[in-house]
Each structure stands twice: as structure tokens, then as C-alpha cells.
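The first residue in the sequence is number 1, and the count goes up from there. Below, all heavy atoms of this structure are taken into account, side chains as well, without hydrogens, waters or symmetry copies.
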Amino acid sequence: MNSTALNIIAIGLCAVACGCRTSYNDAVAARNNVMYGTGDIARGRATNMVNSVASKQLGNMELGRLFMLNGDFESASNFMAPQLEELFDDSNEGPILKKGAIAGNILAGTLADDRAIPYQIPAFELILGLQYQAINSICTGRPENARVYISRATAAQTQLKNEIEEKHATDTEDEQSQNATNSAMATDEIAQKLDPVANAVRASYENALAWYLMGLFFEKENDSGNARIAYGEAANISPAIRQFTKAPPGGGRDVIVVYEEDLVDMKEPIKIPLPFGGTLWGVDFPVYSAPAKPPAHVNVEVGGALAASCVPVVNVQALAYRDLKDRIPGIAARNVSRAAVKIAAQQAINHVRTGNSSADLALKLGVLAFNAFKTVIEEADTRAWQTVPEHVHLARLLVPSANGSITLRNAMNGRSCTIPLPAESGTTIVWFTDARGFATVTVMPFGRSGAPSWAKTESLLEPPRYTGARAAY
């Protein structure tokens, strides 16, 4: 074997060895670092994404969320706002979501894997991002901006619903081919894995909490007609929310509790063997594999007595699974096409000559090494916003002025957290984010003046595993 062939094989083997550290492994390390570590790994990964071409949008949202988790709402807003603004156009009716601005069936080249495609925020992440930017705005003294972001979160849901209904009315079946058959096989296999969780929601863009917050804004503006419409939309998505659509009667403080439970599941890379020209070829796909996770049972106590129960209103796990299920046909079409191109290249080079010259051998080994290299280092696109919750719960209750705090208690394990309330009357939002090893609570006024407060607190899910000093993000 000549030196050219040996060099090609050596380069291929080195590339394969270097591909062992995957983006998925980096994501796992970052997620665990948020839940149980100092946060430096997660911050470093998010910063790298911000400075990249393909993952800039995701990096800005992730880094903004990390700042939120540490109570720096100004920095969080600075990272999130530009990314969200890019997704909307101005119109006579106000800002509207740009067509094609969120993840969908986007085209890609056949040589690069999906990780080379610029990340587009999916619908459920967009709505959560707008909600978070509303909270950032309230906590930085810009309530008028908060209302704009929530208005966009509800308008985007309506717009997406209309666009999807239009698309379904005009869709036609693709021409059948081996690639189309393989795409359908992969789509069906992954759908079977996703269906038990994905089918818990009607659409990936539906978010009852966004509509509820919109109703709350209308309520504070004494616009009862529009408040009733917004609350009705929230209840259509999550019927249990209906009990919280009116301020509790009597005197005292109107307290709204939002409890964000855990962190959403991670996408995992898998290979599915598909037939190509008489052989099986492993094709990369992203998938969620965790089973449906039942939400925790969280109660709110006042003065040691049960005052309200939090109800789950946003199943983010199901939204994420549904989003991936809806996008898998496009992902499958791209990935199957890439596999077909590589196989065709190998088959073509195998028939260049029948001789055994060193040049022929080097060429064949080169294509073989390239395909082997690409097969190993390629990985399904598992990018996703990792620091959003798995479930979101809601409660609303009246707290007598004589009581200076509320206690949230997990009825399943007894873990609890007591949260001080401001002395002022009116509406107060208590926003509790519980990422297991790292839990925080933000208490903010709504519809009245007053400074918000933020603090680290105890998780209702499990005791912290990390006992050292936590570094600031």
C-alpha cells in the first residue's frame, strides 16, 4: 500500500478519534452543571454558542436565562431582547411573527449535518422566551414592555395556528422514492417513541400561561371584555386554569404563584438502520426517550394552613416532544438524502476501474475513509434550550395582610419553602424556578409600583447535592 493511501487512512482514523467528544456530551455536562454545580460550564458553553454562527440565537437565549436564574434581569434582557426582536416585523396591526422565523422544514446541504444549520427557535421556546422577557421587563421597571412581550406571545400563538391550518390545506403528498420510503420509515419509528408524551398536547405553540398573563394585564387595565377573552383562551388550552381567572374576593393581597418544575428533557442522538441499495446504513436522528413525567403536587400554605393548590398549566415536556414530532419528517428527509449521497459516492468510486493500481486503491480508500469519518463525527442535531422547565404550575390566592409570607410545600415528599411577601396590598407574582440543585424565587409587584426581590431558595424536588459556594454567572 503506498504512502498516499496510508496517509488517507491515518487522517480518517485521527478524525474519528477526535470526534469522540460530541456536542451532546457537552450539553449533558452543561445541564448537570446548572442543576448541581457552579454554573461555569453552562455559562462557558452558552458563551461559545453566542460567538458561533450556527447556534448564536440559542446561545443568547440560554445565556439570558442563566442570568435570570441568578437574578440579573438587566443582563438577561440584554441577551434575550435582540433575538426576540429579530423574529417580528412591524405592521399596521402591530408586530407580527416573520414567516419562516421559527424552526420548521428548512433546507440544508447534503454534506453537512443539521448542526451546521443556523438554529431557529421552535414555537414553544419562542413563547417561553417572550414570557421570560416580560418578567425581565417587570423586574427592571419596564411594565409597559412586559405587556408588549406578552401580547406578542398570544398573537404569535394565533398566527401560528392560522398558518399551520393554511399549510395543511395546501400540502400535497411527495413523490414516492426509496429516499421517501426511508424517510417515512424513520419518521414512523421516531413518532412511536414520541407519541405517548407528544399526544398530551394539541400543538407545540399552545401556552396557557401566556394567555393567562395577557388576561391579567387586561384585568389591571379594567378591560373586562378582553380579559374574559384572554382568560377563555387560557382555559381552552388548560381547563384547570379557569379557577384563577378572577381575583379572590375579600381584603388582603392578591398573590399569583408560578412554580417552574425541574428542567425539560434533553434530546438524544440515535442511529436508525435504513436500507440503501441492498445494504443497511445508520442514519442519525434526534429523539426524546424519557417517559411522560407526572407533575409534582405543590400546595400553598398561609399561616400553617392549606390555602391553595398549584395546578399544572403548561406541560413543556409534551410541547417539546410534539415540536420534534412535527419536525421529524423534514429532519428525516434531509438526513436520508445525505446518507444517499454518501452511499452513491462510494458505489460510484467502486466502479471507476477494476484494476488494482495504487492510485485507484488510494482513491477508493479515501472515499471509504471520508464516509467512515463522516459517519462517526456526524451527530443528530440535539440542540435545544435546556434551562426551560419540564412543567409550569399556577395558583392564585388571597393572603390576609396580617400574614407576611406564604409556604410552598411538595405534598409528595414534604419539602417546603417559605417566601416573604411585600407589605403592600395589590397583586404580587411569586415566580419560583426549581432546577433541583438550584432553586430561586422572584417576588414582583404587578400593576403597581415597587421593587422586585430575588433570592436563592430550597428545592421542593430534592436536597441540593452541591454544598460549595456557587459562582455567579
*Going through the checks in order, is the side-chain contact (heavy atoms from CB on, under 4.5 Å) test met by F244 and I256?*
CA-CA 9 Å; F244 304 129; I256 296 167; over 6 Å; no
_salt bridge (charged side-chain N to carboxylate O under 4.0 Å, His left out) for E233 and K161? Distances and angles first, verdict last._
CA-CA 13 Å; E233 292 288 348; K161 178 182 178 182; over 6 Å; no
*asked:* Let's go through Q131 and I150 carefully: what are the C-alpha distance in whole Å and the side-chain angles of both, what is the deciding distance for side-chain contact (heavy atoms from CB on, under 4.5 Å) to 0.1 Å, and is it a yes or a no?
replied: CA-CA 6 Å; Q131 285 182 185; I150 289 299; 4.2 Å; yes
*side-chain contact (heavy atoms from CB on, under 4.5 Å) between R152 and L84, intermediate numbers included*: CA-CA 10 Å; R152 289 183 180 185; L84 295 169; 5.8 Å; no
*Test I406 against V430 for side-chain contact (heavy atoms from CB on, under 4.5 Å), laying out the working first.*
CA-CA 10 Å; I406 59 173; V430 175; 4.2 Å; yes
_Worked verdict on T428 versus R448 for side chain to side chain donor-acceptor pair (under 3.5 Å)_ = CA-CA 9 Å; T428 297; R448 59 180 173 81; 2.5 Å; yes
_Between N162 and Q159, does the side chain to side chain donor-acceptor pair (under 3.5 Å) criterion hold? Intermediate values first, please._
CA-CA 5 Å; N162 293 337; Q159 183 180 337; over 6 Å; no
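Here the CD1-CZ distance, from I190 to R327, works out to 12.0 Å after rounding to the nearest 0.5 Å. Rounding to the nearest 0.5 Å places CG of L319 at 10.0 Å from CD of Q317. Rounding to the nearest 0.5 angstrom, the gap separating the CD1 atom in I127 from the CD1 atom in I102 is 8.0 Å. Note that CG of N48 is 12.5 Å distant from OG of S23, once rounded to the nearest 0.5 Å.
Between V197 and A290, the shortest heavy-atom contact is CG2-O, 4.1 Å. Between P452 and C139, the closest heavy-atom pair is CG-O, 3.5 Å. Between A380 and D284 the shortest heavy-atom distance is N-CB, 3.7 Å. In terms of heavy atoms, K193 sits closest to I270 at CE-CD1, 4.3 Å. Between A339 and F276, the shortest heavy-atom distance links the atoms CB-CZ, 3.9 Å. Closest approach of S289 to E268, counting heavy atoms only: OG-OE2, 2.9 Å.
Classified by interplanar angle (parallel below 30°, tilted 30° to 60°, perpendicular above 60°), the ring pair Y132/W431 is perpendicular. Aromatic ring pairs are classed by plane angle as parallel below 30°, tilted from 30° to 60° and perpendicular above 60°; the pair Y288 and Y321 is parallel.
For the pair V316/V392, a side-chain contact is recorded, criterion being any heavy-atom separation below 4.5 Å from C-beta on. Between L130 and F88, the closest side-chain pair of non-hydrogen atoms falls below 4.5 Å. A heavy-atom distance below 4.5 Å is not found between the side chains of E125 and M61. Looking only at side-chain heavy atoms (C-beta outward), L128 and R65 stay at 4.5 Å or farther from each other. In this structure, D381 and R334 have side chains that are not in contact, with every pair of non-hydrogen atoms separated by 4.5 Å or more. By the 4.5 Å heavy-atom criterion applied to side chains, L58 and I121 are not counted as neighbours.
Here the rule is side chain to side chain contact (heavy atoms under 4.5 Å, CB included) with L194, and of N199, D323, L324 only L324 fits it. Paired with V298 under the rule side chain to side chain contact (heavy atoms under 4.5 Å, CB included), one option of L408, V311, D434, V257 passes, and it is L408. Just one residue in the list E261, E462, E260 forms a salt bridge (Lys or Arg N to Asp or Glu O under 4.0 Å) with R436, and that residue is E462.
Judged purely by atom type and a 3.5 angstrom limit, R31 uses its side chain to pair as donor or acceptor with the backbone of L263. A distance-only check finds a donor-acceptor pair linking the side chain of Q386 to the backbone of A27 [under 3.5 Å]. Of the possible polar contacts, none joining the S238 side chain to the A235 backbone as a donor-acceptor pair under 3.5 Å is found. Judged by distance alone, with hydrogens and angles left aside, the side-chain atoms of S151 form no donor-acceptor pair with the main-chain N or O of R147 at under 3.5 Å.
The side-chain hydrogen bond (donor to acceptor under 3.5 Å, both in side chains) search around S55 returns R383, not counting sequence neighbours.
Aromatic pair F67/F73: centroids not less than 6.0 angstrom apart.
For K56, the NZ atom is loosely surrounded, since the number of other residues' heavy atoms within 6.0 Å does not exceed 12. K98 NZ: more than 12 foreign heavy atoms inside a 6.0 Å radius. The local environment of NZ in K293 is crowded, with over 12 non-hydrogen atoms from other residues, nucleotides or ligands closer than 6.0 Å.
Y205 and E163 share no side-chain donor-acceptor pair at under 3.5 Å.
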